[in-house]
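What follows is one structure encoded as structure tokens, with my remarks underneath.
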Amino acid sequence: MVEIPEHLLKRSREARGAAKSSGEDDAAAEEVKAPPEESTKAPKAQASAKSSGGIPAHLLERSKAARAGKSDGGAAPPAKEPVAAGAGAGKGASSQRPTPAKPSGPARTQRLLAVVKSGSIQTTKRDPVDKVNTWPHLLSREFVALLLVSAFLIGFSILVNAPLQEAANPNETPNPSKAPWYFLGLQELLTQFDPMVAGVMLPGIGVAGLMAAPYIDRNRATKPSERKFATSLFTMFMIYWAVLTLTGIFFRGPGQNFVWPWSDGIFFDF
Amino acid sequence: MAENGNGKRKFKDAVGNVMTEKVQGGQFWTSVFRPGSVFRKGYGDTPRNRAYVVMNSVLYHLHPVKVKRHAVKVSYTLCLGGVSFFLFILLTVTGIFLMFAYRPTAANAYQDIQSLHTQIAFGALVRNIHRWGAHLMTFTVFLHMARVFYHGAYKPPREFNWIVGCVLLLLTLLLAFTGYLLPWDQLSLWAVTVGTNMMGFTPVFGSNVKFILLGSQEIGSNTLLRWYTLHVLMLPFVMVIFLAVHFWRVRKDGGISGPL
Ligand code: HEM
């Protein structure tokens, strides 16, 4: 299922081979370098490690060698050329790779500088979720949606021409004069309220209220059954708005007077 | 190379082989078609390639590699946000074509629109797509807002994206309205007169607001130039910025809301 690229496989194979051979080498070197009593003790330690802690023998040996090196007064064993020098990872990496049993220089220490808490700036609760690949599951659906919209729009545009009336003439006011359909609700409000209220204050309050909705609605539930008030209120506004707009489109004639579209005609253009 | 029954190489196979080895295997091809591309040599429908498709495409990269299972259902988003965005792109493309043929002066504007219908190949089609597409986009943005409301998707952590959305709605309306004036026919002139008269009722600053909108006391050449600049340059520019924030926030807020 998951294909691991060939060059990575090769590199890891080489690295594993190199580690093995260098480990053997080190063990051999140990025998020579270490003081006699140490080397006689080593097999015993190895045996006890196997029976109890499961600490790999070469690690135990390394720590012992380090201790011995310290008591020797820092007489570092001669640097040994790593066998894996050419093993794919490049020179820098291989020389940095800690080869076992080489306690050269002072012991490395680490300091705790800070504890960084996990989490992001925008914390979202992460429960395990059921996910699918965007391709093909989402992209294919989007593609179909785009095709359908394009087909509909091109087809409609071939069949129906956009309106183009006579050239603009400031001296001849058509009757009625209507705003574009998305502002017809506002124009309709003008017939009910004072112009300042209908034209400025109500739309201002509407937009501000819409933007503030997340802060007004303190209910955290998203299930429709648990937020009936919010959805009913919103639906009422939507219906009110739709009624105003449709009235503006179909039921307003000359002088913004009420007309019946089926008997008097439609005074509207997109 | 494959051989047919007569022991002769088939020309087609030979060509196919050169295509895969020399062209598809070449440096140029592999540098253009990154992993995940169906044109790449050895493409297979594997989970790895499915991820690469998204990761290695600047456009698809708007999406994460994986999305919630319920979110890909058309019945959840109704594709309304995506369709609004697609219409915006379509309007940008058709709008650029219209710009080639349109001069925003009171003397020329109307005739330029007329000549789209009478003289320019596909002029009427492009204009129709632009106009009907604009109406459709206004409508889908309204519906998208309603869908978001009914899913309670404006609730934490998505409050801010709802506000960004409200700005997008206003920008959409402004784009539609500024475009409405440009044909410079009776419909445009008087619709805009009605609209701007309403804003003239702003308390205290009414006449100033109207003057800033119109560029003069009455609708005229100044208004046309001003609204044209807003329509083709400034509003789309601002729109793109807010769209970027909008899409980015959808992902930062943990993807699509729900399931309900
Ligand atoms: C130009 C107009 C807009 C475009 C192109 C747009 C695009 C999108 C897209 C593509 C999504 C992803 C989910 C989906 O497709 O439904 C989305 C989500 C969202 N939109 Fe919009 N949007 C627009 C306007 C609005 C408006 C007017 C609002 C609200 C006032 C809004 C609020 C949101 C919110 C809150 C989400 C997250 C929804 C969720 O997580 O379920 N957007 N938008």
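Protein chains get the first letters and strands the later ones, always in sequence-line order, with residue 1 at the start of each.
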Checklist outcome for this item: If you tally heavy-atom pairs under 4.5 Å between each of B/Leu187, B/Val53, B/Ile163 and chain A, the highest tally belongs to B/Leu187

Next on the checklist: For the interface with chain A, which of B/Phe149, B/Tyr154, B/Tyr180 has the highest count of heavy-atom pairs at distances below 4.5 Å?
Outcome noted: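 Greatest number of close heavy-atom pairs with chain A: B/Phe149.
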
Region of [X] in contact with chain A, defined by heavy-atom distances below 4.5 Å:
{"X": "B/Phe160", "answer": "backbone"}
{"X": "B/Ala176", "answer": "both"}
{"X": "B/Gln114", "answer": "both"}
{"X": "B/Leu173", "answer": "both"}

Does the side chain of [Y] come within less than 4.5 Å of [X]'s, by heavy atoms?
{"X": "B/Arg127", "Y": "A/Leu164", "result": "yes"}
{"X": "A/Asp194", "Y": "B/Phe201", "result": "no"}
{"X": "B/Met198", "Y": "A/Pro195", "result": "no"}

Next on the checklist: Which heavy atom of B/Leu125 sits nearest to which heavy atom of A/Ser157, and what is that distance?
Outcome noted: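 Looking at all heavy atoms of both residues, the closest pair is CD1-CB, 3.9 Å.
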
Item to check | Nearest heavy atoms of B/Trp162 and A/Leu210, plus distance in Å | outcome: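 Closest approach of B/Trp162 to A/Leu210, heavy atoms only: NE1-O, 2.5 Å.
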
Against chain B, work out which of [options] has the most heavy-atom pairs shorter than 4.5 Å and name it.
{"options": "A/Val144, A/Leu186, A/Leu190, A/Val160", "value": "A/Val160"}
{"options": "A/Val149, A/Ile158, A/Ile154, A/Leu146", "value": "A/Leu146"}
{"options": "A/Asp269, A/Val197, A/Asn161, A/Thr222", "value": "A/Asn161"}
{"options": "A/Leu148, A/Val207, A/Leu153", "value": "A/Leu153"}
{"options": "A/Lys223, A/His137, A/Arg141", "value": "A/Arg141"}

Checklist entry - Can you tell which of B/Arg69, B/Arg50, B/His70, B/Lys66 makes a side-chain contact (heavy atoms from CB on, under 4.5 Å) with A/Val132? => result B/Arg69

Checklist entry - Would you say B/Tyr110's side chain and A/Gln165's backbone share a donor-acceptor pair under 3.5 angstrom? => result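 Between the backbone of A/Gln165 and the side chain of B/Tyr110 there is a qualifying donor-acceptor contact (under 3.5 Å).
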
Item to check | Residues in residues 75-86 of chain B that sit under 4.5 Å from chain A, counting heavy atoms only | outcome: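 B/Cys79, B/Val83, B/Phe86, listed by number.
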
Checklist entry - Taking the six-membered ring of A/Phe156, is NZ or CZ of B/Arg131 closer than 6.0 Å to its centre and within 45° of its axis? => result no

Checklist entry - Who in residues 167-181 of chain A is close to chain B, using a strict under-4.5 Å heavy-atom cut-off? => result A/Ala167, A/Ala168, A/Asn169, A/Pro170, A/Glu172, A/Thr173, A/Pro174, A/Ser177, A/Lys178, A/Ala179, A/Pro180, A/Trp181

Item to check | Derivation and outcome, side-chain contact (heavy atoms from CB on, under 4.5 Å), residues A/Trp135 and B/Tyr60 | outcome: CA-CA 9 Å; A/Trp135 170 259; B/Tyr60 301 156; 6.0 Å; no

Checklist entry - Given the side-chain rings of B/Tyr150 and A/Phe234, with only the six-membered ring counted for Trp, is the space between their centroids under 6.0 Å? => result yes

Checklist entry - Do B/Lys155 and A/Asp217 sit within salt-bridge range, that is, some charged N less than 4.0 Å from a carboxylate O? => result yes

